[in-house]
Amino acid sequence: MSAPAGARRGAVLLPAVAAALLALELVALARPSAAAGASGFRCRPGSRPVLFNFGDSNSDTGGMAAARGWHLERPEGRAFFPRPTGRFCDGRLTIDFLCESLNISYLSPFLKALGSNYSSGANFASAGAATSPRDVPFALHIQVQEFLYFRDRSLELIDQGLSGPIDAQGFKNALYMIDIGQNDVNALLSNLPYDQVIAKFPPILSEIEDAVQTLYSNGSRNFWIHGTGALGCLPQKLSIPRKNDSDLDQYGCLKTYNRAAVAFNTALASLCDQLSAQMNDATIVYTDLFPIKYDLIANHTKYGFDKPLMTCCGYGGPPYNYNFNKGCQSKGVTACNDGSKFVSWDGVHLTEAANAIVAKAILSSQYSKPSLKFDQFCRV
């Protein structure tokens, strides 16, 4: 993924300004979440959950921005923090709401050098990440290798009598989340017909399998794996020129993209069943995000959304307000006044309002197999 258009190069914050911005972020982090409270899922007081996440921009809390030195500007982050934090969203991501449900701080990116807190885990997700090629920054395989480095260094510090962020018991009891594959499937759909796309799923699944097995062989026992969302409803995909609208469904989404997403999720769910059978002392939860995210479009009025297929921060106007040459950070691009009325923030990623709904659906366990509560991974 290339640097965001319009990102400032070489920007330096004066100490006073940096301190003020950090204070604003700390206030935002301490702000109670109505969405998380309404879900009814919170760890009991005194519990110490630990969470590690691997994924792409859907759950990147600032890793790629730190790695590339991107200086994102508002309107990113405006709905909550209220400043850019490296998230591709107007506020919190789904993973942020899940962290709130566990009563832990938002996950600091592994690659963020300043202001990070790893006592509750770490985030290895990076924008643009995919499963292959496996040895390029920051593919899933590389993210797992980063975790192993993080774990070994933490335990080394503790062995030396120093303070490490997480001890051996914390790593063992932690929850390991994997939310990746969307970029792989999208890339295939951009270059191949449907049948050939489906035929190329096995290598993607193999990389996810390898990641789980590697983590398992290193002592991890709790896994939460997410399927992909409704790819055919993304304004970015809907804005691709087409000969006619024959591939659109009743809600205006691309049927071929969504068929591929469903097929991928079915295969991923089967892989999770297979891994559960092989690793009978591990807990592997699969959550299907497709029906959750598709419902945001199909029943948008139920959630208070007015523009289900339109981008909030984009360019070009109706019907999708998306332009491949003008991203949210580009000059001349303006954001909608009220992001809570939109499902899509920038044509690819969800708004905070949509992320809150997705998180609540995950916490319901209705879309998970086995149907386990997310907070079962809290530990005292």
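Residues Glu209 and Leu205 form no side-chain contact, since every pair of their non-hydrogen atoms from C-beta on lies 4.5 Å or further apart. Side-chain contact check for Thr283 versus Leu175: every heavy-atom pair is 4.5 Å or farther apart. Considering only heavy atoms from C-beta on, Ser120 stays 4.5 Å or farther from Val50 through its side chain. Between Pro308 and Tyr251 the shortest side-chain heavy-atom distance does not fall below 4.5 Å. No side-chain heavy atom of Gln329 sits less than 4.5 Å from a side-chain heavy atom of Asp346. Taking the side chain as every heavy atom from C-beta outward, Phe54 and Ser126 never approach each other to under 4.5 Å. Between Ser330 and Asn323 there is no side-chain heavy-atom pair separated by less than 4.5 Å. Side-chain contact check for Val212 versus Met279: some heavy-atom pair is nearer than 4.5 Å.
Ring to ring, Trp224 and Tyr286 are not that close: their centroids are 6.0 angstrom or more apart.
The minimum heavy-atom distance linking Ala122 with Leu107 is given by the pair O-CD1, 3.8 Å. Of all heavy-atom pairs between Cys313 and Pro75, the closest is SG-CG, 3.7 Å.
Aromatic ring pairs are classed by plane angle as parallel below 30°, tilted from 30° to 60° and perpendicular above 60°; the pair Phe171 and Phe52 is parallel. Relative orientation of the Phe88 and His349 rings is parallel, given thresholds of 30° and 60° on the angle between their planes.
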message = I'd like to know whether Lys200 forms a salt bridge (charged side-chain N to carboxylate O under 4.0 Å, His left out) with Asp184, so could you lay out the CA-CA distance, the side-chain angles of the two residues, the decisive distance to 0.1 Å, and finally the verdict.
response = CA-CA 10 Å; Lys200 291 186 177 294; Asp184 296 271; over 6 Å; no

query = Do Tyr320 and Gln236 pass the side chain to side chain donor-acceptor pair (under 3.5 Å) test, and can you show the C-alpha distance, the side-chain angles, and the key distance before you say yes or no?
reply = CA-CA 8 Å; Tyr320 308 120; Gln236 180 198 59; over 6 Å; no

Ring pair (Phe, Tyr, Trp, His ring centres under 6.0 Å) assessment of Phe147 paired with Tyr149 = CA-CA 5 Å; Phe147 163 76; Tyr149 177 90; over 10 Å; no

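For Leu114, the CG atom counts as loosely surrounded, since its 6.0 Å shell holds 12 or fewer non-hydrogen atoms of other residues, nucleotides or ligands.
Applying the salt bridge (charged side-chain N to carboxylate O under 4.0 Å, His left out) test to residues at least two apart or on different chains, the pairs with a partner in residues 270-285 are Arg221-Asp281, Asp273-Lys369. Contacts classified as ring-ring contact (aromatic ring centres under 6.0 Å, His included) and involving residues 189-220 (residues at least two apart or in different chains) are given here: Phe201-Phe264. Within the structure, no pair that satisfies the ring-ring contact (aromatic ring centres under 6.0 Å, His included) test touches residues 295-314, not counting sequence neighbours.
Results of the side chain to side chain contact (heavy atoms under 4.5 Å, CB included) test with Asp179 over Ile225, Thr228, Leu289 single out Leu289 as the only residue that passes.
Between the Asp90 side chain and the Glu352 main chain, a donor and an acceptor come within less than 3.5 Å of each other.
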May I have the list of side-chain donor-acceptor pairs in residues 333-340 shorter than 3.5 Å, sequence neighbours left out?
residue	atom	partner	partner atom	Å
Asp338	OD1	Ser340	N	3.1
Asp338	OD1	Ser340	OG	2.5
Asp338	OD2	Ser340	OG	3.2

Using distance only, find each side-chain donor-acceptor pair of residues 185-193 under 3.5 Å and give its atom names and separation, not counting sequence neighbours.
residue	atom	partner	partner atom	Å
Asn186	ND2	Gln182	O	3.4
Ser190	OG	Asn186	O	2.9
Asn191	ND2	Ala187	O	2.8

Donor-acceptor pairs under 3.5 Å, side chain of residues 132-142 to any protein atom, not counting sequence neighbours: which ones?
residue	atom	partner	partner atom	Å
Arg134	NE	Glu207	OE1	3.1
Arg134	NE	Glu207	OE2	3.0
Arg134	NH2	His141	ND1	3.2
Arg134	NH2	Asp210	OD2	2.9

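The pair Arg83-Glu76 fails the salt-bridge criterion, with no side-chain N (NZ, NE, NH1 or NH2) lying under 4.0 Å from an Asp/Glu carboxylate O.
Connection of Leu363 to Leu102 is established within a shared hydrophobic cluster, with ILVMFWY side chains joined at heavy-atom distances below 4.5 Å, either directly or through further cluster members. Residues Leu111 and Leu72 are members of one and the same hydrophobic cluster, defined by side-chain heavy-atom contacts under 4.5 angstrom among Ile, Leu, Val, Met, Phe, Trp and Tyr.
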